[in-house]
Amino acid sequence: METKSIKAFGTEAAEAPLKTLDIKRRAVQAHDVEIEILYCGICHSDLHSARNEWHGTIYPIVPGHEIVGRVTKVGEHVKGFKVGQLAGVGCMVDSCRECEQCKEGLEQYCDPGSILTFNSPDEHLGGQTFGGYSQSIVVDENFVLHISDKLELSAVAPLLCAGITTYSPLKHWKVGPGQKVGIVGIGGLGHMGIKLAKAMGAHVVVLTTSMSKFEDAKRLGADEVILSTDPEQMAKHAKSMNFILDCVSAEHNIDSYLNLLKVDGTLTLVGAPMDPLPVTSFSLILGRRSFAGSAIGGIAETQEMLDFCAEHNITADVEVIGVNDVNDAYERLLKGDIKYRFVIDMASLK
Ligand code: NAP
Ligand code: ZN
Ligand code: ZN
């Protein structure tokens, strides 16, 4: 198959810093859209993967699944996109399209497994897929999203993962007016969770380990903020919440959050720390509580979320960086030193 060489930023080993790499993209096929990448967000999953914290990474890896840019070429059968339009790509670039989940628009739960934007088998070129820390990407139009030109583009990029990963469970568990909803862990995902839960009409309570995020949490839309390391503040909210969205990237005590749920309440995990999280049976039994999980969202739901954000003027709070700052940004992410999403200006890769 014909290919095109482009520049990307990735790494050849878990311990090595990211650097400029040359990678190949396939030539545009009949159903493909080629996108010049303008901005790519940095998700904590990029860091987990680049450092092989989930133990599945195949090197070299080019992370990045919060991609926005401009269409530069379309295949002859492409109907939904035109050259010059804005476009986005999130965590998936393909799926089997035939299983029960794919038919229901739940491509993220595809039976054989969806093809992720990076570090998944590349059925076109062999090897692995390469993500958005790169100049351009070629993706089947069914996995490309429409992006509004009304919002600041760099701040839209994080919606493609942090946005949909928080939107999807909030919708699925029917968060809305009259409900008290906890958001745990105010990073890239958590800060979007606050904005979206508020826009859906819930009473939003932020649970953070960082005093320094108290004022921000209110500005982002929280009705109340709790220091989750203070047992007294936690006790005041015991048995009071309908739903909790847990966006924490590291080990933490699930029981202490489950105890904030009312009878029949649900705590949904979207954060993905590598080690198991112990749960005490009585935290669930006494209160008929549910402990659940959720992965990103389907393609149609991702478009719905992008349209919802355009309508409600919702974007991420971002710090735009050059590609040479990515390694430093990873270190800062580990220290929680980001308010609230790094986004790479891809022009810096030229
Ligand atoms: P992030 O920006 O680094 O935010 C993580 C937040 O977790 C921190 O800001 C901090 O919030 C809290 N935290 C970190 N260490 C903690 C600790 N030891 N104890 C308690 N809280 C701690 O990460 P992100 O990009 O939002 O991603 C969050 C997690 O979601 C990652 O594990 C990522 O891989 C996962 N993820 C899952 C999906 C999915 O489909 N389910 C999609 C994307 C990402 P406070 O300072 O407020 O405490
Ligand atoms: Zn992500
Ligand atoms: Zn499928």
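Atoms within each ligand, like the ligands themselves, are counted from 1 in listed order. Computed from a predicted model, the values in this text were never measured in an experiment. No hydrogens, no waters, no symmetry mates; every other heavy atom, side chains included, goes into these values.
- Among all protein heavy atoms, the one lying closest to atom 29 (C) of ligand 1 is Gly271 CA, 3.5 Å.
- Of the protein's heavy atoms, Thr208 OG1, 2.6 Å lies nearest to atom 47 (O) of ligand 1.
- Here's the thing with Gly185: none of its N/O atoms is less than 3.5 angstrom from an N/O atom of ligand 1.
- Angle subtended at the Zn ion (ligand 3) by Cys110 SG and Cys102 SG: 100°, rounded to 10 degrees.
- Taking only nitrogen or oxygen atoms, main chain and side chain alike, Leu189 reaches within less than 3.5 Å of ligand 1.
- Between Ala295 and ligand 1, not a single N/O pair is under 3.5 Å apart.
- Residue Ser294 has at least one nitrogen or oxygen atom sitting less than 3.5 Å from a nitrogen or oxygen atom of ligand 1, judged on distance alone.
- Defined by atom type and a distance below 3.5 Å, a donor-acceptor pair is present between the side-chain atoms of Thr280 and Asp255.
- At least one N or O atom of Lys213, backbone or side chain, sits closer than 3.5 Å to an N or O atom of ligand 1.
- In terms of protein heavy-atom proximity, atom 17 (C) of ligand 1 is closest to Ala250 CB, 3.9 Å.
- With no hydrogens or angles considered, no side-chain donor-acceptor pair links Asn52 and Tyr59 at under 3.5 Å.
- Residues His237 and Lys180 bring a donor and an acceptor atom of their side chains to less than 3.5 Å of each other.
- Counting only heavy atoms of the protein, atom 20 (C) of ligand 1 lies nearest to Thr209 CG2, 3.6 Å.
- His44 lies apart from the Zn ion (ligand 2) in this respect, since none of its N, O or S atoms is found at a distance under 2.8 Å.
- If you check which protein heavy atom lies closest to atom 43 (C) of ligand 1, you get Cys161 SG, 3.3 Å.
- In terms of protein heavy-atom proximity, atom 37 (C) of ligand 1 is closest to Val270 O, 2.8 Å.
- Close N/O approach between Cys43 and ligand 1 is not found [any backbone or side-chain N/O within under 3.5 Å].
- Taking the side chain as every heavy atom from C-beta outward, Lys7 and Ser134 never approach each other to under 4.5 Å.
- Contact annotation: for Gln108 versus ligand 1, there are no heavy atoms closer than 4.0 Å.
- Note: His31 and His77 have tilted aromatic rings, judged against thresholds of 30 and 60 degrees for the angle between ring planes.
- Thr208 contributes no side-chain N or O that, together with a main-chain N or O of Ile186, makes up a donor-acceptor pair within less than 3.5 Å.
- Remark: minimum distance from atom 1 (P) of ligand 1 to any protein heavy atom is reached at His44 ND1, 3.7 Å.
- Of all protein heavy atoms, the one closest to atom 19 (N) of ligand 1 is Glu251 O, 3.9 Å.
- Counting only heavy atoms from C-beta outward, the side chains of Val33 and Val138 never approach each other to under 4.5 Å.
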| Going through the distances and angles, do Asn259 and Arg289 end up as a side chain to side chain contact (heavy atoms under 4.5 Å, CB included)? | CA-CA 9 Å; Asn259 290 326; Arg289 295 165 174 144; 3.5 Å; yes
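- Checking Tyr167 against Glu304 by side-chain atom types alone, a donor-acceptor pair falls below 3.5 Å.
- When side chains are defined from C-beta on, Ile42 does not count as touching Val343, because their heavy atoms never get closer than 4.5 Å.
- With a heavy-atom cut-off of 4.0 Å, Phe342 does not touch ligand 1 at all.
- Looking at His252 next to ligand 1, no N or O pair under 3.5 Å apart turns up.
- For Ile296, heavy-atom contacts with ligand 1 shorter than 4.0 Å involve the backbone as well as the side chain.
- Under 4.0 Å from ligand 1, the heavy atoms of Cys247 that appear belong solely to its backbone.
- Side-chain contact check for Lys79 versus Glu141: some heavy-atom pair is nearer than 4.5 Å.
- Side-chain atoms of Gln303 and Asp307 form a donor-acceptor pair, as typed in the model, at a separation below 3.5 Å.
- Where the criterion is an N or O separation shorter than 3.5 Å, residue side chain and backbone included, Val248 fails it with respect to ligand 1.
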